[in-house]
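Reminder, nothing fancy here: chain letters follow the sequence lines and each chain counts from 1. Please read these numbers as outputs of a predicted model, since none were measured by experiment.
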2 protein chains.
Amino acid sequence: MIETPFERGAPFAGTPSSGESRARAAATRERILDAAERLFAEHGFAGTSLRDITAEAGVNLAAVNYHFGSKDELFLAVVIRRFEPVNRRRLEMLEQAERQADPPRLEDVARAFVQPVVEARDEEGGWSVLPKLMARVVGEPGGWAEKILPLTFGAVAARFLGSLERALPGVPRADLLWGLVFSAGVLSHYLLLGDLIGRITGRWMEEAQAAETVERMTAYITAGLRGLAVSQAHGGREKTGGKRGKQKGKKR
Amino acid sequence: MIETPFERGAPFAGTPSSGESRARAAATRERILDAAERLFAEHGFAGTSLRDITAEAGVNLAAVNYHFGSKDELFLAVVIRRFEPVNRRRLEMLEQAERQADPPRLEDVARAFVQPVVEARDEEGGWSVLPKLMARVVGEPGGWAEKILPLTFGAVAARFLGSLERALPGVPRADLLWGLVFSAGVLSHYLLLGDLIGRITGRWMEEAQAAETVERMTAYITAGLRGLAVSQAHGGREKTGGKRGKQKGKKR
DNA sequence: ACAATTTTCAAACGAACGTATGATTGAAGC
DNA sequence: GCTTCAATCATACGTTCGTTTGAAAATTGT
């Protein structure tokens, strides 16, 4: 049996069919993953302890090591479990945008990027903590972004870049990459600060407002990408192969 | 003598003039603040221990409690010490933009927002970790954003909103606030991911590229704000006073 | 020179951490 | 029914954490 890098106890094709024991194990794993997702979204990786997670999941502390191997592998499992469907939905919307127009309309590309995250739901249909978790991953210290983003976003980024190239012909790919990073920044900041800003402005996240928010971000991102494209057409070309500046501080 | 909330040992007006002892204490505080800034920027609040900081500063572990009171107060001191001059520079550039045109040009407002952060330097004139620290603060779990942003950014935000109102007349203030949040997101993501993306695209941060980056972000933000303004002029008005959706997970 | 104060130091405390382990319980296989 | 295996449990380990404390050193004030 081949073990995935993060679900050690999980049975696979070729093992005996599931019985009560395996159903129980699967239920334990789900509870751990659900609790970990909520707590990692709220408190980050270092701010969440395994005791917090297992207390909220109602399972034994050692269950994390039994099923996932380590805290690191649990975190990775949480992220991959939940990012994958959102990114799949992103690609579906992108493909729909590409079928509807050639090249695709920039606002449709932007909406494909934004909407599946803003409208992510948990399994009961309620608001998910997933957007906050996704937003937080980028800021996690300790090299998590470098490990997770290529894994969970690399292929998606490549597809979006392809669409942007067709929607904004002549713009260098590096600029489009920056445009995608800026767009991700718009989304992330909204997800991290949406609650705080919502309380300040007296507006709360509701389903109706989710749609408005998607449109608001889509408008900003679409115009921003066009503005970037125009400015790069008028401005000087970028230099290549520069040396990196010195960085201080040690890696943990 | 009135103690500030974070520098307990610091002498103030009315105390005896500085002597060697106080110069030594001031040097100790600076070393702690410098080391803490680098480590908090790289590893975040929870991922940085006091032992890390005091080892890098070359001081005794207890010095943190003696001079700052606690780890929380040290973090707050680091943030306020370094954000304030950057925000002051932002306001200077904003005032210059307002003097040059009435209403101010949107790209000048955007540049005033972005440039002081991107071009922040440490005291030796080298690249600062300050941008990364500023970017990271928003993502810090544990209520840091709610505590820090009003303190370090509230007045600055109000001034920028005022300029945006004049540069984009007729746009509701709440939309301008979202626009500012999106703009901050563009900046933050660049600061957090700039190294990673730079390595991917083969371009590194150099001074020449800092200026290009400022222009690139300025172009994106300027166009994005206009796009947002236009879309709100065409789209439906926002509802007010909606109920907040349910949120899961407990506060730590 | 001495007392008082400030600053720094080494060490310790209680709490919490992630990981590991042997024991126990429950389920599967014969 | 018994053996084997999987899953869960209580407990413990070594390490690390932030904070505190009494002692020592340095500085200031008289």
For atom CZ of B:Arg51 and atom P of C:dC17, their distance in whole Å: 16 Å
Residues which pass ring pair (Phe, Tyr, Trp, His ring centres under 6.0 Å) with B:Phe40, listed by chain and number, not counting sequence neighbours: B:Phe45, B:Phe75
For A:Lys71 and D:dT15, what is the distance between atoms NZ and P respectively, to the nearest whole Å? 19 Å
Using atom names, set out every protein N or O paired with an N or O of nucleotides 8-10 of chain D below 3.5 Å, distance rounded to 0.1 Å.
residue	atom	partner	partner atom	Å
D:dT8	OP1	A:Arg24	O	3.4
D:dT8	OP1	A:Thr28	OG1	2.2
D:dT8	OP2	A:His67	NE2	2.4
D:dC9	OP2	A:Asn60	N	3.0
D:dA10	N7	A:Asn60	ND2	3.3

Check whether any side-chain N or O of B:Arg82 sits under 3.5 Å from a backbone N or O of B:Leu130 as a donor-acceptor pair, and report yes or no. no
So, A:Tyr220 and B:Ser183: side-chain donor and acceptor under 3.5 Å apart, yes or no? yes
Ranking C:dT7, D:dT19, C:dG18 by distance to the side chain of B:Leu50, first place goes to D:dT19
Thinking salt bridges, do A:Asp34 and A:Arg29 make one under a 4.0 Å N-O criterion? no
Tell me: CZ of B:Arg22 to P of D:dA25, nearest whole Å? 21 Å
Salt bridge flag under 4.0 Å for residues B:Glu84 and B:Arg88: yes
What is the separation between atom CD on B:Glu30 and atom P on C:dT8, rounded to the nearest whole Å? 13 Å
Using whole Å, what does the distance between atom P of nucleotide C:dA20 and atom CZ of A:Phe68 come to? 16 Å
Expressed in angstrom and rounded to an integer, what is the separation of A:Asn65 atom CG from C:dG18 atom P? 10 Å
Would you call B:Arg31-B:Glu56 a salt bridge at under 4.0 Å N-O? no
